[in-house]
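First the structure, in the form of C-alpha cells, and then the observations on it.
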Amino acid sequence: MFAEKINTYFSGYNKICMSLFRTKSLDVLLAQAADSEKSLKRTLGKGSLIALGIGAIIGAGLFVRTAAAAGGSAGPAVTISFLIAAVGCAFAGLCYAEFASMIPIAGSAYTYAYTTMGEIIAWIIGWALILEYALGAATVSIAWSEFLNKLLNGAIPYEWCHSPFQSAIVDGVMHHGIINAPSLLVLFLISALLIKGTQESAVVNAIIVFIKVAIVLVFIAIGWHFINPANHTPYLIPANQPDAIQPDGKPYSYADFFNHGWGGVLRGAAVVFFAFIGFDAVSTAAQEAKNPKKDMPIGILVSLLICTILYVLFSWVLTGVAPFTDFVSAGKEASVAYAIQTYMQGYGWLGTLVTVAILAGFSSVILVMLMGQSRVFFSMANDGLLPKVFSDVHPKFRTPYKSNIILFLFVGTFATLIPGDITGDLTSIGTLFAFVLVCAGVLIMRKRDPNRVRPFKTPLVPLVPILGILVCAAMIISLKTETQVVALIWMVLGLLIYFSYSRRNSKLSAAGEILPSASDFDKV
C-alpha cells in the first residue's frame, strides 16, 4: 500500500518534470518558418544585419560609459577594459552565431532555449529578455529626451520632459515633472516605423548608423592631433593616485582594489560591458534575413568586431585628450563635449555634432530594442505561451503590428512616467542571463543532436561556451545586491504567469502532452 502511494506520487512528479522541460522539435520550428502565410517577410541582407548590430551597440555606452569607466577605475587603460569586455561578448557571440545559423527563427535566446533546455527555461529567458529589450528601450528613450533638450538649450519646459516623480529647482523656482513627452514621441515614431516594415526600418537604421559612425571617426581623426602623451602615463592608475574631486566637492578615492591597477581594469570592463549590449538583437531578426544560415553569423560577429575597434580607438583618443581624473567631475553625459570644449580649442562645432551623434545613436538603439522585443513576443505567442495577439501579422506589411502597438503602450508608459536612473543594471542582468543560457545551449545541443547540420560551428567547444558561461556569470554576481533582488522578484512574477496561463496554453500541451493534475496526487 505504501509502495503504491510512493509510485503514484513519483508518477505525478515525473509528469510535472516532463511538462516543464519538454522541448520543441527543431524540425517543427523550421517548418513554421517556411510557412509564408504566418512567417515574417525576409528582406534583410548581411549589410542590413551588420548595420542592425552596430545600430544596437553604438549608443550611450560609447559616449557615456567610456568616461565613467576611465575616471572611476581604469584610467587610460579603459582601452584594455573594452578588449576584456569584447572577449566576454565574443564567447557568447560565437555561440549565438551557431544557433542563429542552425535555427533561423525569430526569438533569439528564447527560441534556442526552447529547443535545448525545455519550456520552463525558455519562458524564463523570454521573460528575462523583457528586461533587456523593453526596459532598455524605455531607459534609452528617457536619455534621448534629456539630450534633445540639451541640444535645444533647455527649450522644452521641465514639466514636459520629466516624470511626475521628479522635481528640481530651475532658475530659483521649483518645478515638478508632468510627463516625459519627448520620450513618448520618439517611441511612437519608431514604433510606427517598425509597423510599416522591417526593410524601411533597416534603411532608416543604416542612415543613422552612417551618421553616428562618421561623427565617431571624425572625433578620432581630429582628436588624435590633440592627444597629450602625458595623459597616457602611467597607463594603469597607480595605487597611490591622489583623490579626485567630485561635483559635490567630496573626494573620490582610488585606494580600493577595484579602483586602480588591474583591479580597476576589470571593474572598468564590467562598466563598459553595457556598451556592448545589443549585438544579440541581430539574432532576433533571423526570420527576416534573406539567407540566415550564412548571413546571421556575419551580422553578429562583424558588428561586434567593428564596434570593438571603434571603442578602443575612441577611448584611446578621449583619455589622451583629457586627463582621466577630469571625468570624475565631468564623466557623465557631457564627458565627450567637455573634452572637446576644454582641450580642443576651435572645434566647438564638433561638440554639437557629438550630441547629434548621441541622439542618432539612441534612436537606433531604441529601434533595434523594440524590434527585438516584438520578435521575442511573436515567437512566444506562436508557441502559445503568450496570447495570440502578439503573433498577429499585418496583412500588408507582414510585421507583428499588434505586438508593436502593445509594446509601445507598455514601454511608453514606463518611459513617460518613471525616472530612468534605476533600469541600467536590470537591463544588463537580463542580457547576461541570456548569454549564459545560450552558451549552455550550445553544449546541450552538441550532445543531444550532434549530427544536425550547422552552417556555422562555434570553435573550441566546450572551451568557448564554458568560458562564456563563467565570464557572464561572474558579471551577474558582481552586480549590486539590490539589482539581483529586483530581478528575482521579476522572475517570480514571470513564473506566476507561466503556471497560471502559459503552461496549459502551450501548443506542446495542445499537441497531446499530458499535464499533471490534482488527481495525480489526491490518492497520496
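We count residues from 1, following the sequence as given.
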Seminar exercise, completed: Closest non-hydrogen contact found for Ser303 with Gly299 is OG-O, 2.7 Å
For this session: Locate the shortest heavy-atom distance separating Met380 from Gly126; write the atom from each residue and the value.
Result: SD-CA, 4.0 Å
Exercise. Taking C-beta and beyond as the side chain, do Tyr110 and Leu385 meet within less than 4.5 Å on heavy atoms?
Worked result: yes
For this session: Determine, step by step, whether Ile130 and Gln373 satisfy the side-chain contact (heavy atoms from CB on, under 4.5 Å) criterion, reporting the C-alpha distance in whole Å, the side-chain angles of both residues, the deciding distance to 0.1 Å, and the verdict.
Result: CA-CA 7 Å; Ile130 298 176; Gln373 183 65 75; 3.8 Å; yes
Problem set entry | Side chain proximity check, Trp123 to Leu386, heavy atoms < 4.5 angstrom | yes
Problem set entry | Residues Asp392, Lys402: salt bridge by 4.0 Å N-O rule | yes
For this session: Start with the C-alpha distance between Phe91 and Leu463, add both sets of side-chain angles, then the distance that settles side-chain contact (heavy atoms from CB on, under 4.5 Å), and finish with yes or no.
Result: CA-CA 9 Å; Phe91 290 142; Leu463 179 61; over 6 Å; no
For this session: Give, for atom CG of Leu407 and atom OH of Tyr401, the distance between the pair rounded to the nearest 0.5 Å.
Result: 15.5 Å
For this session: Spell out, as yes or no, whether a donor-acceptor pair under 3.5 Å connects the side chain of Ser500 to the backbone of Ile497.
Result: yes
Problem set entry | Met371 side chain reached by Leu194 side chain, heavy atoms, under 4.5 Å | yes
Exercise. Ile366 and side-chain contact (heavy atoms from CB on, under 4.5 Å): which partner among Val411, Leu189, Leu187?
Worked result: Leu187
Exercise. Could you walk me through whether Leu83 and Thr308 pass the side-chain contact (heavy atoms from CB on, under 4.5 Å) check?
Worked result: CA-CA 7 Å; Leu83 291 175; Thr308 299; 4.2 Å; yes
Problem set entry | CA sep, side-chain torsions, deciding dist, call: Tyr96, Leu301, side-chain contact (heavy atoms from CB on, under 4.5 Å) | CA-CA 9 Å; Tyr96 265 97; Leu301 298 176; over 6 Å; no
Exercise. Does Phe377 reach the side chain of Ser403, with side-chain heavy atoms less than 4.5 Å apart?
Worked result: yes
Exercise. Measuring from Leu148:CG to Ser183:OG, what's the distance to the nearest 0.5 Å?
Worked result: 10.5 Å
For this session: List the atom of Ala381, the atom of Pro387, and the distance in Å for their closest heavy-atom pair.
Result: CB-O, 3.4 Å
For this session: For the residue pair Ser191 and Leu370, establish whether any side-chain heavy-atom pair is separated by less than 4.5 Å.
Result: yes
Exercise. In Å and rounded to the nearest 0.5 Å, what is the OG to OH distance from Ser374 to Tyr133?
Worked result: 10.5 Å
For this session: Decide yes or no for Tyr498 and Glu119: does some side-chain heavy atom of the first lie under 4.5 Å from some side-chain heavy atom of the second?
Result: yes
For this session: Applying side chain to side chain donor-acceptor pair (under 3.5 Å), run through Trp144 and Ser363 and close with a yes or a no.
Result: CA-CA 7 Å; Trp144 189 94; Ser363 299; 3.0 Å; yes
Problem set entry | Leu94 side chain near Phe456 side chain, heavy-atom distance below 4.5 Å | yes
Problem set entry | Residue pair Ile142 / Ala415: nearest heavy atoms and the distance that separates them | CG1-O, 3.4 Å
Problem set entry | Minimum heavy-atom distance between Leu184 and Gly412, given as atom pair plus value | CD1-CA, 4.0 Å
Seminar exercise, completed: CG of Leu135 to CE of Met369, rounded to nearest 0.5 Å, is 12.0 Å
Got a list of side-chain donor-acceptor pairs under 3.5 Å for residues 432-447, not counting sequence neighbours?
{"unit_1": "Arg446", "atom_1": "NE", "unit_2": "Glu98", "atom_2": "OE2", "d": "3.1"}
{"unit_1": "Arg446", "atom_1": "NH2", "unit_2": "Glu98", "atom_2": "OE1", "d": "2.8"}
{"unit_1": "Arg446", "atom_1": "NH2", "unit_2": "Thr458", "atom_2": "O", "d": "3.1"}

Exercise. Do the side chains of Met491 and Ile124 get nearer than 4.5 Å, heavy atoms only?
Worked result: yes
For this session: For Tyr501, enumerate each residue passing the ring-ring contact (aromatic ring centres under 6.0 Å, His included) test, keeping only those at least two apart in sequence or located in another chain.
Result: none
Problem set entry | Polar side-chain atom of Trp127 near backbone of Trp490 as donor-acceptor pair, under 3.5 Å | yes
Problem set entry | Pairwise distance CG(Leu305) to CG(Leu310) - rounded to 0.5 angstrom | 9.5 Å
For this session: Kindly compute the distance separating OG1 (Thr413) from CZ (Phe408), expressed to the nearest 0.5 Å.
Result: 8.0 Å
For this session: Indicate the atoms forming the closest heavy-atom contact of Phe410 with Ala134, along with that distance.
Result: CE2-CB, 4.0 Å
